[in-house]
Amino acid sequence: MTTSDGLTTNILAAVIPADRPLSTELIDTVTAIALRAEDAPQDRPHSVVLYITGPQAGQDFSWPGSVDIGVVGKWEAALRRLEQVPAPIVATVDGDAYGPAAELLLVSDYRILRSGSIFGLATSHGGTWPGMALYRLVARHGAGNARTLAVQGRCLSASQALEQGLVDASIDDDAQAETQAVQAGLALFEASVGSEIAIRRRLVLDATATRFEDALGAHLAASDRTLRRLRSAL
Amino acid sequence: MITVALLPLSSSAELDKTTAWKRIAIIDRARPYVSASPQSPQELSMTTMSTARVEALEQNLLGTDTQLPATLPKLLGVATANPPDRYSQRELVDLLKITDPKIRGVFLNGGIEQRYLTLPPRGDDGEFRIETQGELLEKHRNQGVRTGADAVRRCLREIGRDLPDVRYLVAVTTTGFLTPGFSALLINELGLDPDTARLDVVGMGCNAGLNGLSAVANWASAHPGELALLVCSEACSAAYVFDGTMRTAVVNSLFGDGAAALAVQAGDGGGSAAMREDRTPVLLTSSSYMIRHAVGAMRYDWDDDAGKFSFYLDKEVPYEVGAHAEIVIDKLLRGSGLRRKDIAHWTVHSGGKKVIDAVKINLGLTSYDLRHTSSVMRDFGNLSSGSFLFSYQRLLAEGQVRPGDYGVLMTMGPGSQIEAALLRF
């Protein structure tokens, strides 16, 4: 991809198998792509593309499965690390965005879903899985969406998820459509700087939990940072 | 190589790998996103080789069992002390009879709830009297020696050592000028051995604790087995000018009084047997940066109108500090194999609410990363050179640190200067 200033965007791609219970392998895969993005040289733009494999229709698995809370803590840390990478994240799910696939979509900047699939938090006998995906859902999409998914335990069809802004594109189930949607997502970030996107993500997430007076300093600092970038580019 | 980069190392991942190549290749053919436009899995793997290298690096350098040289200086323990009088910001606004709503706002919305201060004596009319520079210096000397000595005694008690064990003393202060300085006054006050080596770090401001730590650490490395102490003692209320202007209000609303002592030793024989490994990190390296164009942004210099020293903080300070924070931290971590996200514990100087925000945004830190910085700010105000040691003390007391964790100490002050040090627990 060639950006407006002639630089080539380097794609950091990862396949994430999110159609099985939580494992250290899954955590390592998510951590590895986050590390690649952190380590990417700053002399040209980078974008992360996640190819998430969700469960196929009718395929059932328990999430997180028989793990202890320490493993869950590491999964949350891996998602948090991914959420802070200095690069835009485009994510596409092959299969349903259920459980871990939905959690990964929620930390991504551009989200692509197959039209016949669903978006839903993992549910077990006791109700929906109460991970930090709930927090992200409320912070970024409001309590209304969170109530439907997390309290009522409903799943949304791809078109409903698109309507509610939980995903950005609903595509036909073919490779060409996926490629085009990923390209469309990447095109949004052509002129973006990854470290700046990471700051915007933080400000958006913090906004619901921070008093106006307490948020002001962080926003002024981010604004100053942008002004300095503009000045140095002149 | 690509399996490390893209996939978990499980047999079921093999299928995914094939899918991945196919799907990524589709993108590449459609439009050359990847500069090399790989057409085959083998070519694709070439583009991701650097990832495999980085992960190998992580395993080698970040393992907790890496042997470190025994001569590295170790931070044995820390303690703090404050003068007796503590005031809430609201009390101060009333006591100082501040009615200007703007100045009241500066006092009440700066992230500070309370501070230790020594307010001026009251005159015959019952109002606070304007202190002379001589009185302020006397306050600086009395308070500085008393709280500094308290901090030293507590620090030695904390690490199970005695006063005669102290072989080197670095005393840091900015809020007054004394000759002989605090190092001599404290050796006298505490009854330390007359052959204790000493150094005074004076007038360097809020960053100076880490400048002092460099001196202590170097001395400790050159004298293995001998105990060195850093003492930061600031009586910020000896640096106050009350003139009703916003300039002095910003300063007067911010700073508090207090001292901190840190014990450092290289080699064996340090501390009591009960000392825990996770509370005695080694100092690996440090880095400094002076923002030269902002040399006048923070000043403690003579105010002719007031007839005394006065502190000045430019409103650009938070932004200058924030804009240069990455340079210092990147330099600190260069060559260590560490990424910023590998730092588990950030101990940043409580410079002011806006400074903390600017550091947070520019380094990509969270409010959680800066919880001790913010809470020290809330409970003590800005204690100048010793502030970061108050935060460091809270970090250790919290019990979240694990052996093998990395920590960064970071301070900023006049120069404009940013100092950073890398610790390994």
Side-chain angles (χ1 to χ4, degrees), chain A residues 1-2 8-17 20 23-29 32-36 38-41 44 47 49 51 53 80-81 84 86 92 94 175-176 178-180 182-183 186 195 198-199 202-203 206 209-210 213-222 224-225 227-228, chain B residues 4-10 12-13 15-24 26-35 44 47-48 50-55 57-58 105 109 111 316 318-323 326 339-342 352-362 364-367:
Chain A
M1 172 189 279
T2 304
T8 308
T9 296
N10 194 26
I11 302 297
L12 307 168
V15 171
I16 304 183
R20 60 199 73 171
S23 64
T24 51
E25 284 81 8
L26 177 57
I27 293 167
D28 290 347
T29 308
I33 186 65
L35 295 181
R36 288 177 68 198
E38 286 169 21
D39 288 342
R44 68 172 170 152
S47 286
V49 178
Y51 292 98
T53 312
R80 199 158 64 245
R81 190 153 189 167
Q84 294 173 4
T92 169
D94 183 2
Q176 196 59 38
E178 182 184 61
T179 303
Q180 282 168 1
V182 169
Q183 284 172 345
L186 290 168
S195 54
I199 289 173
R202 156 64 37 72
L203 292 174
D206 282 355
T210 314
E213 293 78 6
D214 292 336
L216 181 61
H219 285 266
L220 285 174
D224 174 73
R225 196 179 152 94
L227 290 173
R228 280 172 198 264
Chain B
V4 180
L6 289 175
L7 301 158
L9 298 169
S10 66
S12 60
L15 272 176
D16 300 322
K17 184 168 65 180
T18 316
T19 319
W21 284 333
K22 210 180 287 170
R23 290 161 79 186
I24 292 167
I26 288 169
I27 282 197
D28 295 334
R29 273 198 300 275
R31 203 172 166 188
Y33 284 107
V34 189
S35 59
L44 183 67
T47 65
T48 55
S50 61
T51 307
R53 181 186 62 75
V54 168
E55 281 161 35
L57 192 75
E58 182 188 37
N109 298 321
E316 283 293 315
Y319 306 111
E320 289 294 347
V321 167
E326 282 183 286
R339 303 168 189 84
R340 229 182 273 170
K341 293 284 174 207
D342 294 323
K353 192 160 165 255
K354 284 183 182 173
V355 175
I356 300 171
D357 283 333
V359 168
K360 172 181 149 178
I361 288 296
N362 283 283
L365 302 180
T366 63
S367 300

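Note on naming: letters A, B, ... go to the chains in the order of the sequence lines (proteins, then strands), and numbering restarts at 1 for each one.
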Please examine the side chains of Ile361(B) and Asp224(A), heavy atoms only from C-beta on, and report whether any two atoms are closer than 4.5 Å.
-> no
Okay, Glu326(B) and chain A: the region with an atom under 4.5 Å from a heavy atom over there is side chain
Judged by atom type as modelled, is there a donor-acceptor pair below 3.5 Å linking the side chain of Arg225(A) to the main-chain atoms of Ala358(B)?
-> no
Portion of Ala222(A) that has a non-hydrogen atom of chain B nearer than 4.5 angstrom | both
Go through Asp357(B), Asn109(B), Val359(B) and name the one with the most non-hydrogen pairs under 4.5 angstrom from chain A.
-> Asp357(B)
If you round to the nearest 0.5 Å, how far is CG of Asp28(A) from OG1 of Thr24(A)?
-> 5.5 Å
Answer key: most heavy-atom pairs under 4.5 Å with chain B among Glu38(A), Gln84(A), Arg228(A) is Arg228(A)
CG of Leu220(A) to CG of Leu227(A): how many Å apart, nearest 0.5 Å?
-> 10.0 Å
Distance-only, no hydrogens or angles: does the Asp206(A) side chain make a donor-acceptor pair with backbone N or O of Leu203(A) under 3.5 Å?
-> no
Against chain A, label Lys360(B) side chain, backbone, both or neither, depending on which of its atoms sit under 4.5 Å from a heavy atom there.
-> side chain
